[in-house]
Structure formats: C-alpha cells, structure tokens
Amino acid sequence: MSGNVKRFSVSLGHELLEQFDRVWKSDGLPTRSEAVQAMIRQSLVQKEWQTGKEVAGAIVIVYDHHEKSLASELVDVQHNFEHVVVATQHAHLDHDNCLESIIVNGKALEVEQLVRKLKSLKGLKHTSLMMTTTGKEVG
Ligand code: NI
C-alpha cells in the first residue's frame, strides 16, 4: 500500500462477517484490513484477466517425457508464443515425469490461447494456470 491511507466503514450482516473473519484468519492474514485489501486486489487481478489486459502468470505442466514427440512439441509451442513466454523452468520429478513452469507476461487472451494449445497436446498429465498481475495497475 502506498501513500496515504483512507478509512471507510462497511456494514455487513453478522453471519457474513463471522464467515469472513473465519476465512481470513484461517488463510493466515494478519488483520481484517489486510484481508479486505487482498480481496480487492484479487478482484482487480481477475478483472485484468477478464478484460484482456496485460497480465502475468505461470503455467505449470506435468508430463511423461517418454511420450513420443511431446518434448519437441512443447518447445515448438513455446517458441510460437515467444512474445508471451518469459522463461521456462524444467524439473525432472522422477525417472518418467517432468514438471515445467512457464512464466508468462502478455495479453490475457494470448496467454489463454497458449494454455489451450498446451492442453491440446497428447500426453500432458496436468496443466494449470496461475493468474496474477504485472502489478502495474494494482495499488
Ligand atoms: Ni525432465
């Protein structure tokens, strides 16, 4: 949080407030104010993705590297999306399984296209997208 802090009051139903307090406490947030800020930021980030803004994130995939041609297809796809792929980290989880973390930064639609393209490849065991923000538009 930067600059001056503004205070505002919010009216909430007793039950909703109790539920909210339970959730942020179990999530480990330090105060109710921090919890409200985190929720507001989360909704701003969500809006950035929904409205096709410039976003950042990480795509994590798990696959068996013995799958025929999959490794080279993965490289091809990432080169085709070089304008959104910032970096890729590869971990050999065990004898068969690889985990790759692909850091992305670009237009939300293009990142989503990349995810769809990855999901269309045969042999991926799991694909997940962690959607976050470039931080530029979130206070
Ligand atoms: Ni590997």
Side-chain angles (χ1 to χ4, degrees):
M1 188 167 30
S2 60
N4 47 31
V5 176
K6 297 257 195 287
R7 290 178 196 283
F8 67 100
S9 62
V10 177
S11 303
L12 275 187
H14 177 72
E15 199 179 332
L16 187 58
L17 183 58
E18 272 194 347
Q19 288 171 329
F20 179 58
D21 284 344
R22 259 199 311 277
V23 168
W24 69 257
K25 282 174 187 167
S26 79
D27 283 350
L29 285 143
T31 61
R32 191 187 275 162
S33 283
E34 292 284 344
V36 171
Q37 287 170 44
M39 278 180 55
I40 292 171
R41 290 196 183 102
Q42 181 59 35
S43 82
L44 293 174
V45 171
Q46 209 174 1
K47 199 53 97 180
E48 286 183 344
W49 280 84
Q50 285 167 352
T51 55
K53 294 274 167 58
E54 186 197 352
V55 295
I59 304 166
V60 176
I61 55 178
V62 174
Y63 62 95
D64 184 335
H65 74 99
H66 295 117
E67 283 285 336
K68 271 202 166 63
S69 75
L70 180 58
S72 78
E73 284 172 347
L74 282 170
V75 173
D76 285 347
V77 170
Q78 292 184 53
H79 275 277
N80 290 340
F81 283 83
E82 47 83 24
H83 49 294
V84 290
V85 173
V86 176
T88 302
Q89 192 171 35
H90 184 104
H92 313 298
L93 293 177
D94 60 28
H95 183 70
D96 304 312
N97 294 296
C98 299
L99 180 151
E100 238 169 72
S101 157
I102 305 164
I103 297 171
V104 289
N105 178 194
K107 292 278 175 203
L109 282 174
E110 290 180 294
V111 173
E112 282 158 355
Q113 260 173 22
L114 170 57
V115 171
R116 270 198 301 278
K117 186 71 196 163
L118 290 168
K119 283 182 171 174
S120 77
L121 300 178
K122 268 196 171 148
L124 283 193
K125 291 186 173 179
H126 188 239
T127 305
S128 88
L129 170 62
M130 211 287 288
M131 295 185 268
T132 187
T133 178
T134 63
K136 292 176 198 164
E137 305 289 331
V138 174

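Both ligands and their constituent atoms are indexed starting at 1 by order of listing.
For residues 71-85, the set of pairs meeting the salt bridge (Lys or Arg N to Asp or Glu O under 4.0 Å) definition, not counting sequence neighbours, is empty. Within the structure, every pair that satisfies the side chain to side chain donor-acceptor pair (under 3.5 Å) test and touches residues 16-25, not counting sequence neighbours, is listed here: His14-Glu18, Asp21-Trp24, Asp21-Arg32.
Cluster membership for Val62 and Val104, using ILVMFWY side-chain heavy atoms within less than 4.5 angstrom, is not shared.
In terms of the side-chain contact (heavy atoms from CB on, under 4.5 Å) criterion, residue partners of Lys107 (sequence neighbours excluded) are, by chain and number, Glu110.
Inspection of the environment of the Ni ion (ligand 1) yields the following protein N, O or S atoms under 2.8 Å: His90 NE2, His92 ND1, Cys98 SG.
The main-chain N or O of His95 is found under 3.5 Å from a side-chain atom of His65 such that the two form a donor-acceptor pair.
Atom CD of Glu15 sits in a sparse spot, with 12 or fewer heavy atoms from other residues, nucleotides or ligands closer than 6.0 Å.
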